[in-house]
There are 2 protein chains.
Amino acid sequence: MIMKYSRQRAAILSFLQTRKDHPTAEVVYSHVKEEYPNISLGTVYRNLTQLADNGMILRLSFGELGIDHFDADTSPHHHFVCSACSSVIDLQLKEMPFIDEEAGKNFDGMIQGHNIYFHGLCKCCLEKSPIQLNKCDIKCENLND
Amino acid sequence: MIMKYSRQRAAILSFLQTRKDHPTAEVVYSHVKEEYPNISLGTVYRNLTQLADNGMILRLSFGELGIDHFDADTSPHHHFVCSACSSVIDLQLKEMPFIDEEAGKNFDGMIQGHNIYFHGLCKCCLEKSPIQLNKCDIKCENLND
DNA sequence: ATAATAACAGTAATCATTACTGATTTAGTT
DNA sequence: AACTAAATCAGTAATGATTACTGTTATTAT
């Protein structure tokens with residue numbers, strides 16, 4: 001379908017572009033709401049889906065189970081997900097151009113690409129004591145909110 | 001918490017072990033129901049979570065958006081997700097032992113591991129015409145159900 | 001300006017998953 | 001074999017992210 005301009009979509013995209021973390025739809029909503037107090041959460045979801053379908057942003061479907069994150073940086077890079085606080089952090093890695101071909105050798109279909117998700121503990125969570133790590137209400141503040 | 005034996009959990013695990021595809025909780029439920037007609041869907045979810053927490057199976061949180069898949073094969077391997085039919089297929093790949101160390105060079109936290117998800121079209125979907133691919137009610141049959 | 005239609009706000013519905021409850025099963029101990 | 005504590009169960013209600021619906025508004029081409 002043809003994409004007609006809308007102020008709301010522009011605001012959503014431009015907000016995403018200011019962020020190095022990977023906000024959820026809810027976070028996008030709460031921030032864009034400051035500029036457009038009447039914006040609807042459904043509008044945010046619809047536009048995030050639309051932007052992702054058109055390759056202008058990435059939808060990251062992992063991290064906290066069942067909560068999508070969005071990334072305006074579409075250049076090739078990978079992601080780290082903290083198993084304690086669920087923060088999603090960019091991770092540069094030298095290119096592995098042959099990995100898709102390599103994988104294709106044992107595979108009958110067509111491989112178009114891949115994503116690598118690293119997991120472990122982010123810097124902030126590493127510095128917490130084990131007791132703090134078990135308390136689920138202590139959230140990492142390494143991401144500007 | 002201590003794991004006490006239960007027939008239901010044993011049936012769930014042994015069903016998963018017969019499968020090379022990666023069933024959802026709903027698929028597990030519908031099959032284990034044949035042996036235990038009274039089993040509850042909640043019981044399936046609870047035991048899948050428990051088995052995954054104890055490292056006896058893997059929870060795969062990607063594929064169809066928001067639907068988890070489960071895998072009784074815990075040996076190191078990767079996965080392919082068909083972007084047309086959402087089938088999840090095993091994919092062997094030569095080991096890349098240094099990838100975590102490599103990624104850690106530009107990262108402040110602790111990297112404990114990674115997952116690689118390939119995407120593209122599976123063999124079955126490759127053989128469909130583009131028109132068929134657009135019809136969402138045509139499902140691939142490459143997985144024994 | 002007009003008309004066609006994409007997009008909106010607001011709200012209801014969907015659907016995978018989790019939580020709750022009182023009854024049952026397991027497993028260790030007499 | 002009976003006893004007890006705790007894990008597990010079946011059944012059901014609740015949760016929460018996301019999507020669909022509806023009547024109205026904004027955008028864009030003519």
Side-chain angles (χ1 to χ4, degrees), chain A residues 1-16 22-54 56-70 81 86 88 136-137 139, chain B residues 1-16 22-54 56-71 81 86 88 136-137:
Chain A
M1 204 192 307
I2 296 162
M3 266 224 275
K4 209 174 266 191
Y5 171 85
S6 90
R7 285 169 290 175
Q8 289 88 340
R9 186 188 307 121
I12 288 166
L13 178 57
S14 101
F15 166 71
L16 263 188
H22 309 75
T24 61
E26 202 71 48
V27 170
V28 172
Y29 173 62
S30 70
H31 282 80
V32 175
K33 209 175 168 61
E34 292 171 10
E35 191 181 356
Y36 293 95
N38 291 332
I39 198 171
S40 169
L41 182 55
T43 297
V44 172
Y45 272 104
R46 182 163 23 80
N47 281 297
L48 287 171
T49 297
Q50 209 166 27
L51 289 166
D53 287 349
N54 284 67
M56 303 172 73
I57 65 175
L58 300 176
R59 178 194 295 267
L60 308 177
S61 296
F62 50 95
E64 295 166 282
L65 266 55
I67 306 182
D68 285 354
H69 294 246
F70 296 88
V81 183
S86 296
V88 180
C136 40
D137 57 340
K139 272 292 181 184
Chain B
M1 207 192 302
I2 296 162
M3 265 226 277
K4 209 173 265 190
Y5 170 84
S6 91
R7 286 169 290 173
Q8 290 88 339
R9 178 160 57 244
I12 288 167
L13 179 57
S14 102
F15 166 71
L16 263 188
H22 309 75
T24 61
E26 202 71 45
V27 171
V28 172
Y29 173 61
S30 70
H31 282 80
V32 175
K33 208 174 170 62
E34 292 171 11
E35 192 181 356
Y36 293 95
N38 291 332
I39 198 171
S40 170
L41 182 56
T43 297
V44 173
Y45 272 105
R46 182 164 24 79
N47 281 297
L48 287 172
T49 297
Q50 209 167 25
L51 290 167
D53 288 350
N54 285 65
M56 303 172 73
I57 65 173
L58 299 177
R59 178 195 295 267
L60 308 177
S61 296
F62 50 94
E64 295 165 284
L65 265 58
I67 305 181
D68 284 354
H69 294 246
F70 297 88
D71 188 354
V81 182
S86 297
V88 180
C136 38
D137 57 341

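First the proteins, then the strands, lettered A, B, ... as listed; each starts at 1.
When rounded to the nearest whole Å, the span between CE of A:Met1 and P of C:dA7 equals 7 Å. Here D:dG16 presents its P atom at 11 Å from CD of A:Glu26, a figure rounded to the nearest Å. Atom C1' of nucleotide C:dT25 and atom CD1 of B:Ile39 are separated by 14 Å, given to the nearest angstrom. If you take CZ of A:Arg9 and C1' of C:dC8, they are 11 Å apart, rounded to a whole angstrom.
Within the 4.0 Å cut-off from OP1 or OP2 of C:dT24, not a single side-chain nitrogen or oxygen of B:Asn38 is found. Put simply, B:Thr43 has a side-chain N or O that comes within less than 4.0 Å of OP1 or OP2 on D:dA10. For the pair B:Gln50 and D:dA7, the criterion of a side-chain N or O lying under 4.0 Å from OP1 or OP2 is not met.
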Open item on the list: Within the 4.0 Å limit for protein heavy atoms, which parts of nucleotides 21-30 of chain D are touched? Write it as a string from 5' to 3', B for base, S for sugar-phosphate only, - for none.
Closed with: -----SBS--

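B:Gln8 comes within contact range of the sugar-phosphate backbone alone, with a heavy-atom separation under 4.0 Å but no base atom that close.
Listed for the B:Arg9 side chain is a donor-acceptor partner under 3.5 Å among the backbone atoms of B:Lys4.
When each of C:dA9, C:dT17, D:dG11 is scored by its nearest atom to the side-chain atoms of B:Asp68, the top-ranked nucleotide is C:dT17. Comparing D:dT8, D:dA17, D:dG11 by their nearest atom to the side chain of A:Tyr45 picks out D:dA17.
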